[in-house]
Structures are given as structure tokens and as C-alpha cells.
Amino acid sequence: MSAGDENRRFDTRAVHSGERRGKQPGEGNGRGDFYPVSTPIYASTTFSHPDIQTTDRVLGGEEEGYSYARYDNPTVRAFEDAVGSLEDLRGEARAFAFGSGMAATHAALAATELTVGATALAAEQLYGSTATLLVQVFGAGGVETRFIDAYDLGLVEKRVAELKPRAVMVETISNPLLRVADIEGLAEITRAAGVALIVDNTFGTPYLQRPLDLGADIVVHSATKYLSGHGDLTAGVVVAGPPYDAAVESIRKLVGGVLGPFEAWLAHRGLKTLPLRMGRQCENAREVAARLQDHPRVAKVNHPSLEDHPDRGTAKRVLSDAGGLVSFELAVEAEEERDAAFRFLNALELCVKAPSLGDVYTLAIHPATSSHRELSPGRRERLGVKESLIRLSVGIEHPEDVISDLEQALERF
Ligand SMILES: Cc1ncc(COP(=O)(O)O)c(C=O)c1O
């Protein structure tokens with residue numbers, strides 16, 4: 001959080017947080033003091049000080065400052081402070097930027113001391129690579145992961161009591177059926193049991209929900225998505241307060257998955273328009289979902305704004321809007337589901353076929369062969385990820401252009 005942030009609203013913080021935080025080089029160069037409006041890209045591996053005693057204190061953590069870029073960098077710190085300011089309005093937590101969402105997720109899990117003999121409880125609907133990270137990487141270190149229906153709070157409470165896990169990991173909004181987790185309810189259970197609640201807020205963003213305010217312990221982001229918003233970088237962020245912040249910082253120093261200053265600068269630039277982008281994306285997604293629902297060649301639409309969404313009530317309570325993702329099933333016979341989905345995607349002319357989300361452009365994917373490719377057909381079916389399912393990450397275009405494109409592809413597929 002930057003000085004003065006505590007009195008400012010979310011949209012204002014998005015624009016100003018992290019910037020203009022001190023005198024920059026140039027002081028004393030004969031042209032007077034100046035403050036760059038946007039934090040420069042500090043492409044410097046090391047940072048020198050007027051005397052070695054200061055370097056000693058900075059390296060020892062007795063004085064705030066920069067020494068070595070794997071530990072800290074002013075451009076990266078500016079981005080981190082901005083994300084921290086948006087995720088944690090109270091200013092008790094710190095944000096740490098990583099080279100990818102997966103590096104951030106790894107650090108968050110490791111910070112809860114998931115070591116040999118420990119158990120992790122994870123939502124069945126987790127992003128595939130997060131589930132694989134838990135099973136393969138943490139599994140190899142002697143951690144057992146149990147997957148559960150995280151939307152059944154009674155079951156979560158039972159499993160937490162039974163298994164005494166060290167961490168519970170969920171996502172604010174799941175992929176691709178857009179189930180909405182009751183973070184408040186989950187936090188009540190984990191707090192009472194002394195278990196760390198880690199929330200991946202990639203799909204939600206602090207615009208829709210701030211899990212730390214609802215009782216979560218650690219927030220994780222793939223900043224590759226909505227936070228940066230333009231599909232031009234890979235980054236991750238962990239936001240955590242004591243005792244997890246110190247562990248995350250130490251893991252990042254030792255494993256070294258830090259974000260570079262160029263990407264941090266670009267991500268920070270993207271973050272400034274998060275409220276504008278998300279506002280428009282949510283509005284557009286609501287419109288797209290409503291229109292798809294009326295289309296005869298669409299069998300089912302998933303969006304938390306719709307009457308028949310299983311978590312509509314939870315979404316109204318825990319999210320400020322229903323989000324920018326929509327998924328839908330094509331109305332086709334079972335045996336031609338995949339072919340039909342491929343034909344539909346190939347018929348799109350404006351929406352971009354790309355396996356990501358959160359960009360200013362509308363993106364479309366086939367979850368069964370992308371995000372859920374690694375799962376067995378049986379597991380996909382159990383999770384409700386049909387071959388006829390399409391996921392849209394709705395962008396900031398004019399909604400009628402997106403809808404026209406979807407309609408022409410629905411006519412032609
Ligand atoms: C919900 C979620 N979490 C984490 C990640 C991993 O992020 P990254 O690709 O930046 O490593 C993704 C990637 O798609 C994601 O969708």
C-alpha cells in the first residue's frame with residue numbers, strides 16, 4: 001500500500017498505487033528534483049548505496065532498500081504495492097510478484113509448510129496445472145492431496161475435521177463452469193480449525209472480490225490474465241500477511257521465480273485500467289450470456305448472473321458482479337460434440353481462439369482439449385466438462401459485435 005491509499009477508493013488506487021514513491025535518480029543532476037509520473041523500468045541487477053554500512057543494513061533486513069534484483073526491484077515493488085493495495089484495503093498484507101501464476105501458486109502452497117506427511121484439501125474444479133502441481137510436485141515430497149466438492153460446505157467441514165489438512169485451496173470462480181466459492185463460509189471453517197485458506201482469485205480479481213477481507217489467508221493470481229489484461233505477458237502474484245508473507249518472500253528468494261522489471265512495468269500499466277476493463281467485461285458477459293441462452297443451437301449457458309446458475313445466491317453475496325467469463329454447450333448429438341465444437345470455433349471471425357482469459361479481446365476455447373486436456377474422459381464427465389462446451393472470456397469490444405460473431409458461427413457450424 002502507498003501512503004494515503006487508506007483514504008482512497010478502489011478505482012483511484014488502481015491508477016495511483018505504487019507510483020511516485022520517492023526521489024528518483026536525477027536528484028542533484030543539475031536539473032532539480034523530479035518524480036517520474038510512471039515508475040521507470042529499473043533494468044539493474046544490483047543497487048549500490050552511498051556507503052557499505054547501508055548495503056550491510058539493507059542486506060540484513062534492518063533497513064528498507066534494494067540490493068539485488070532477485071530479492072527486490074523498484075519496478076517490481078511498484079507493481080506489487082499496487083496489487084497489494086487493491087487486494088487488501090486494510091494494508092496488512094504484502095504482494096509478491098512471480099514469473100508466472102504457477103510459480104506464485106507453488107510459493108503460496110509451500111508457504112503453508114506442505115511438507116512430508118501433510119495433507120492438502122483442494123477443490124475438484126481447480127485449474128488443471130494447480131491440481132497436477134499438488135499431486136506430482138508436492139506429492140513427490142510426501143504431501144497427500146485430497147480433492148473435494150468445495151461448494152458443499154458441510155462436506156468441507158467434515159473433511160477438514162477428519163483429515164486435519166495444512167491448507168485448503170480453492171478458486172473464487174471455477175473453470176469452465178464458473179461455480180462461485182463461498183469464501184466467507186470456507187474461511188469460517190478453516191479459521192476455526194487453524195488451517196490456511198489459499199484462494200486463487202485469477203477469475204475474480206479484487207474488482208469482484210477481495211478474499212482476504214472475507215477471511216482467506218493467502219491470495220494467488222495468474223497476473224497473466226485480468227490483472228495485466230492485454231495478453232502480452234506472463235506473471236503471478238501472491239498476497240499474504242503474517243505469518244505467510246515472510247515464508248513467501250523467503251521461498252521466492254531461494255527458488256528465484258521472481259518477475260522481471262519489464263513485465264512488472266507492463267503489468268502495472270495494465271492494472272491501472274482493471275476497474276474499467278472488468279466493469280465493461282462483466283457488462284458484456286451478462287449480455288452475451290442472456291443472448292446465448294435464447295439461441296436454439298445452444299443447449300446450456302453457464303454464467304453466475306443467470307437464474308439457473310447453481311451459485312447465483314452465493315455470487316450475489318460474495319461478488320460485486322458476475323464476472324467476464326461465460327461457458328455454453330452447443331445443442332448437438334452426443335457423438336458429434338467435439339466435431340461440432342471445433343466447427344463452431346473455426347467459424348468465429350472476431351472472437352480469438354486462444355487458451356487464455358482476461359484479455360481486452362474476446363477469447364474462445366474448447367476446455368475439453370485445452371484446460372482440461374490432461375484429465376481422463378471419465379473425470380471430465382464427472383466435472384461436467386462436455387465435449388460440446390465452449391468457454392468465452394468476454395473482452396471490452398462492443399457487445400453487439402461479439403454477439404453477431406457468435407450468432408454467425410452458431411448459424412454456420
Ligand atoms: C485459475 C488459474 N490459476 C493459475 C493459472 C496459472 O497461471 P500462469 O499461466 O500465469 O502460470 C491459470 C492459467 O491459466 C489459471 O487459469
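Atoms within a ligand are numbered from 1 in the order they appear, just like the ligands themselves. Numbering of residues begins at 1 and proceeds along the displayed sequence.
By the neighbour-count criterion of 12 heavy atoms within 6.0 Å, atom CD of Glu374 is sparsely surrounded, having that number or fewer from other residues, nucleotides or ligands.
A donor-acceptor pair is defined here as one N or O able to donate and one able to accept, closer than 3.5 Å; such a pair exists between the side chain of Ser320 and the backbone of Tyr207.
Of the charged side-chain nitrogens involved, at least one lies within less than 4.0 Å of a carboxylate oxygen, so that Lys272 and Glu19 count as a salt-bridged pair.
Between Phe344 and Phe328, the distance from one ring center to the other falls under 6.0 angstrom.
Both tests do not hold together for Arg277 against Tyr226: distance to the six-membered ring centre under 6.0 Å, angle to the ring axis within 45°.
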Report the C-alpha distance between Glu63 and Arg57 in whole Å, list the side-chain angles of each, state the deciding distance to 0.1 Å, and finish with yes or no for salt bridge (charged side-chain N to carboxylate O under 4.0 Å, His left out). CA-CA 5 Å; Glu63 188 172 318; Arg57 287 193 300 277; 2.7 Å; yes
Quick check on ligand 1: any N or O pairs to the protein under 3.5 Å? One line per pair.
unit_1: ligand 1; atom_1: 3 (N); unit_2: Asp200; atom_2: OD2; d: 2.7
unit_1: ligand 1; atom_1: 7 (O); unit_2: Ser222; atom_2: OG; d: 3.0
unit_1: ligand 1; atom_1: 10 (O); unit_2: Gly101; atom_2: N; d: 2.9
unit_1: ligand 1; atom_1: 10 (O); unit_2: Ser222; atom_2: OG; d: 2.8
unit_1: ligand 1; atom_1: 10 (O); unit_2: Thr224; atom_2: OG1; d: 2.6
unit_1: ligand 1; atom_1: 11 (O); unit_2: Gly101; atom_2: N; d: 3.0
unit_1: ligand 1; atom_1: 11 (O); unit_2: Met102; atom_2: N; d: 2.9
unit_1: ligand 1; atom_1: 14 (O); unit_2: Lys225; atom_2: NZ; d: 2.8

